[in-house]
Amino acid sequence: QVQLVESGGGLVQAGGSLRLSCVASGRTFGSYAMGWFRQAPGNAREFVAAISWSGIITNYADSVKGRFTISRDNAKNTVYLQMNSLKPEDTAVYYCAARPVRVPDTTAVSYNYWGQGTQVTVSS
């Protein structure tokens, strides 16, 4: 079992930055690929970014490429999402997810474990 706890959300003006963190329990964190997803009210949960166990492979949604960066520190059991140049359309609850394979995926159904989410609100 893996438990995930996100933090770092908040209210920011358009053009600002936030860094989300997700701390995972368990000693096998380094064997898991990790992802970030988001869900705005009335919308389906959508892929944002993902990273392989080693951190070498990363994937991004087109809507965040060049603005968001996913990274991980396996020694700290933590995955990060650095969000720059934020836009009002980035407003959503952001979820951290883990899958017990080493390569990332962009589909939510491929992830076994989920955090409780952290709210990100970008004002115009």
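By the 4.5 Å heavy-atom criterion applied to side chains, Glu6 and Leu20 are not counted as neighbours. Inter-residue side-chain proximity for Gln13 and Leu86 is flagged as unmet; no heavy-atom pair is nearer than 4.5 Å. The closest side-chain heavy-atom distance from Val120 to Val122 is below 4.5 Å.
Note that the OG atom of Ser124 and the CD atom of Glu89 stand 10.0 Å from one another [nearest 0.5 Å]. Between Leu18 atom CG and Gln82 atom CD the span is 8.5 Å, to the nearest 0.5 Å. Between atom CD1 of residue Ile57 and atom CD1 of residue Ile70 there is a gap of 12.5 Å, rounded to the nearest 0.5 Å.
Applying the disulfide bond (SG atoms under 2.5 Å apart) rule to pairs touching residues 88-124 yields Cys22-Cys96, sequence neighbours excluded. Here salt bridge (charged side-chain N to carboxylate O under 4.0 Å, His left out) pairs that include residues 95-109, with residues two or more places apart or in two chains, number zero.
Under the 4.5 Å side-chain heavy-atom criterion for ILVMFWY residues, a single connected hydrophobic cluster contains both Val12 and Met83.
Checked for salt-bridge contact, Asp90 and Lys87 miss the test: no charged N lies under 4.0 Å from a carboxylate O.
When all heavy atoms are compared, the tightest approach of Val5 to Gln116 is CA-OE1, 3.8 Å.
Under the salt bridge (charged side-chain N to carboxylate O under 4.0 Å, His left out) criterion, Arg19 pairs with no residue at all, not counting sequence neighbours.
Ring pair Tyr94/Phe68 is tilted by interplanar angle, where 30° to 60° counts as tilted. Ring geometry for Phe37 versus Tyr111: interplanar angle over 60°, hence perpendicular rather than tilted (30 to 60°).
Judged by distance alone, the side chain of Glu46 and the main-chain N or O of Arg38 form no donor-acceptor pair under 3.5 Å. The main-chain N or O of Ala24 is found under 3.5 Å from a side-chain atom of Asn77 such that the two form a donor-acceptor pair.
Phe29 carries Arg72 over the face of its six-membered ring, with the cationic atom under 6.0 Å from the centre and within 45° of the normal.
With Tyr60 as the partner, the side chain to side chain contact (heavy atoms under 4.5 Å, CB included) test is satisfied by one option alone out of Thr69, Thr106, Val48: Thr69.
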